[in-house]
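Here the structure is laid out as structure tokens; the discussion comes afterwards.
As the structure is a computational prediction, the values presented were derived from the model and not from experiment.
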Amino acid sequence: MEKQRLFSSASPLSYSSNSILSRNSLLLLITLLVILGVFLPWAGSPLFLFPNTYSPSSSSSLPSKWDDYSLAKATKFVAKNGTLIVCTVSYPFFPFLNNWLISVSRQKHQDKVLVIAEDYATLYKVNSKWPGHAVLIPPALDSQTAHNFGSQGFFNLTSRRPEHLLQLLELGYNVMNNDVDMVWLQDPFPYLEGSHDVYFMDDKTTIKPLSHSHDLPPSARNGRTNICSCMIFLRPTNGAKLLMKQWIKELHAQPWSKSNKGNDQPGFNWALGKTAHQVDVYLLSQAAFPTGGVYFRNKTWVKETKGKHVIIHNNYIVGFNNKMKRFRQFGLWLVDDHALESPLGKLE
């Protein structure tokens with residue numbers, strides 16, 4: 001009985017204290033959750049448990065809103081007056097992307113640039129700094145290696161180019177494709193004269209007269225032209241779509257192998273030859289769009305054509321560091337002193 005009285009007399013006080021403690025704890029927990037849920041995401045606080053950010057060095061597999069960012073959404077957001085400028089980039093070439101973007105920005109065309117990211121590192125990095133300007137078309141490729149010309153990785157990246165371009169044409173856009181080892185010195189759009197299906201530059205180093213023909217050049221002994229697949233402008237016409245479909249067929253017919261270390265350019269030229277009478281083509285001025293084999297190796301020609309250069313292509317040289325070094329030698333590596341002119345800003 002004594003024990004019963006002790007327990008009975010103690011119970012109301014114990015229950016009251018626990019009840020107050022529980023209510024206070026619950027209010028404190030709710031307040032904390034409100035603070036975490038409302039204020040920290042806006043502040044981008046590192047204390048937020050699940051930040052929607054990405055670090056290339058992170059092994060996190062948390063989903064990002066950009067994973068579901070479709071090509072149709074991206075083009076609708078980026079295109080200006082029905083026109084897009086696209087480049088295909090893997091993460092190791094981010095410095096070249098930034099260098100190219102500085103030159104494009106100087107010509108006031110950066111707003112219509114869409115970066116086709118070949119890996120999630122590039123997708124997240126671009127969109128974290130420049131929201132909406134990068135899209136990934138699955139499957140994603142490996143992002144860790146800077147693939148050199150002639151490697152299988154390089155072929156895997158460039159061989160998807162006609163598929164990307166065809167998708168953009170099917171969506172109804174004019175498309176300018178550039179490799180990011182290029183630099184714009186002038187606005188290229190005034191040079192896209194007429195209303196042809198496709199515009200491109202010759203990759204030969206033979207010097208042409210300033211008033212050269214804009215027709216498809218004659219084939220070499222192997223029956224194939226040497227047009228550069230790195231600078232192309234396409235209108236959404238049946239002719240341009242036919243050329244892209246034939247290009248895709250050529251790449252499927254001649255995949256990369258150890259004995260045939262190809263790239264996408266031979267396939268593009270075979271496709272040009274096979275569709276020559278069905279596609280309206282236009283060869284751009286050599287003086288305005290010189291290959292790297294001319295611009296960086298022929299000082300006399302460069303002086304004679306001074307003021308006429310529009311887009312410089314840093315090809316005819318292999319290797320990430322070699323390209324960067326040559327750009328620096330010719331005053332075309334802009335990211336060292338002008339990174340803030342890029343929509344991406346300075347790289348970390």
Side-chain angles (χ1 to χ4, degrees), residues 53-58 64 66 69 74 77-78 80 84-136 140-149 153-154 157-158 161 164 175-188 230-231 292 295-296 309-315 317-348:
T53 57
Y54 175 82
S55 171
S57 61
S58 172
S64 163
W66 301 112
Y69 191 48
F77 175 72
V78 174
K80 300 293 181 291
L84 292 159
I85 302 168
V86 301
C87 60
T88 304
V89 183
S90 60
Y91 196 78
F93 283 91
F94 220 88
F96 281 89
L97 169 63
N98 220 21
N99 195 68
W100 174 75
L101 277 174
I102 293 169
S103 69
V104 174
S105 298
R106 289 180 174 183
Q107 305 305 324
K108 312 301 181 186
H109 285 293
Q110 73 278 11
D111 288 344
K112 59 173 72 76
V113 168
L114 179 63
V115 177
I116 298 179
E118 290 288 13
D119 49 65
Y120 286 104
T122 302
L123 176 71
Y124 300 155
K125 184 76 169 182
V126 173
N127 284 336
S128 69
K129 290 176 169 287
W130 197 24
H133 281 268
V135 66
L136 188 144
L141 301 181
D142 170 49
S143 64
Q144 303 304 314
T145 306
H147 301 295
N148 286 330
F149 180 88
F154 183 85
L157 190 148
T158 59
R161 189 195 322 253
H164 299 335
V175 186
M176 176 178 285
N177 174 83
N178 271 196
D179 274 7
V180 292
D181 61 342
M182 292 182 167
V183 168
W184 289 23
L185 300 182
Q186 297 183 49
D187 184 348
C230 305
M231 158 60 203
Y295 185 85
F296 295 108
H309 313 134
V310 177
I311 294 183
I312 308 302
H313 188 196
N314 195 359
N315 63 344
I317 190 171
V318 178
F320 182 97
N321 292 329
N322 291 332
K323 286 177 179 283
M324 187 184 298
K325 181 180 179 181
R326 187 161 74 172
F327 263 159
R328 280 197 171 106
Q329 289 174 342
F330 283 79
L332 297 174
W333 189 248
L334 309 174
V335 293
D336 288 341
D337 300 316
H338 307 283
L340 295 180
E341 295 183 39
S342 166
L344 301 177
K346 288 186 176 181
L347 302 179
E348 297 173 359

With a 3.5 Å distance limit and no angle check, can you tell me whether Tyr295 reaches the backbone of His313 through a side-chain donor-acceptor pair? no
Donor-acceptor contact below 3.5 Å, side chain Ser128 vs main chain Tyr124: yes
Here the salt bridge (charged side-chain N to carboxylate O under 4.0 Å, His left out) pairs for residues 318-329, sequence neighbours left out, are Asp181-Lys323, Arg328-Asp336
By ring pair (Phe, Tyr, Trp, His ring centres under 6.0 Å), Phe94 pairs with (sequence neighbours left out) Tyr91
For Leu101 and Pro343, the nearest pair of non-hydrogen atoms, with its separation, is CB-CD, 4.1 Å
Problem set entry | Parallel, tilted or perpendicular, as decided by the 30° and 60° cut-offs, for the rings of Trp333 and Phe96 | perpendicular
Review point. Are any side-chain N or O atoms of Lys129 and backbone N or O atoms of Asn127, one a donor and one an acceptor, separated by less than 3.5 Å?
Key: no
With sequence neighbours left out, the residues meeting side-chain hydrogen bond (donor to acceptor under 3.5 Å, both in side chains) with Asn98 are Ser342
Donor-acceptor contact below 3.5 Å, side chain Gln186 vs main chain His309:
yes
Do Gln107 and Ile311 make a side-chain contact, defined as non-hydrogen atoms from C-beta onward lying under 4.5 Å apart? no
Residues at least two apart in sequence or cross-chain that pass salt bridge (charged side-chain N to carboxylate O under 4.0 Å, His left out) with Lys112, listed by chain then number, are none
Between Tyr69 and Gly132 the two heavy atoms that sit nearest each other are OH-O, 2.8 Å
CG (Asn178) and CH2 (Trp184) are apart, to the nearest 0.5 Å, by 6.0 Å
So salt bridge (charged side-chain N to carboxylate O under 4.0 Å, His left out) across residues 101-111, not counting sequence neighbours, yields Arg106-Glu341
Between Val89 and the options Val180, Leu123, Ile116, the side-chain contact (heavy atoms from CB on, under 4.5 Å) test singles out Val180
Q. Is there a side-chain contact (heavy atoms from CB on, under 4.5 Å) between Met231 and Asp179 once you walk through the steps?
A. CA-CA 7 Å; Met231 158 60 203; Asp179 274 7; over 6 Å; no
When every non-hydrogen atom of Ala74 is compared with those of Val135, the smallest separation belongs to CB-CB, 3.9 Å
Would you find a donor on one side and an acceptor on the other, under 3.5 Å apart, between the side chain of Asp119 and the backbone of Ser90? no
| query | Side chains of Ile317 and Phe296: closer than 4.5 Å at any heavy-atom pair? | reply | no
Handout entry: Heavy-atom side-chain contact between Val113 and Trp130 under 4.5 Å
Key = yes
Any Asn314 side-chain heavy atom under 4.5 Å of Val183 side chain: no
With a 4.5 Å heavy-atom cut-off, do Arg161 and Asn177 have their side chains touching?
-> yes
Sequence neighbours excluded, the answer for ring pair (Phe, Tyr, Trp, His ring centres under 6.0 Å) partners of His109 is Phe189
Practice task
May I ask you to test the Val115-Leu97 pair for a side-chain heavy-atom distance under 4.5 Å?
Solution key: yes
Separation between CE (Met182) and CD1 (Ile312), nearest 0.5 Å, reads 10.0 Å
Sub-3.5 Å donor-acceptor pair from the side chain of His133 to the main-chain atoms of Val126, do we have one? no
(Q) Tell me if a side-chain donor or acceptor on Asn99 pairs with a main-chain N or O of Leu334 at a distance below 3.5 Å. (A) yes
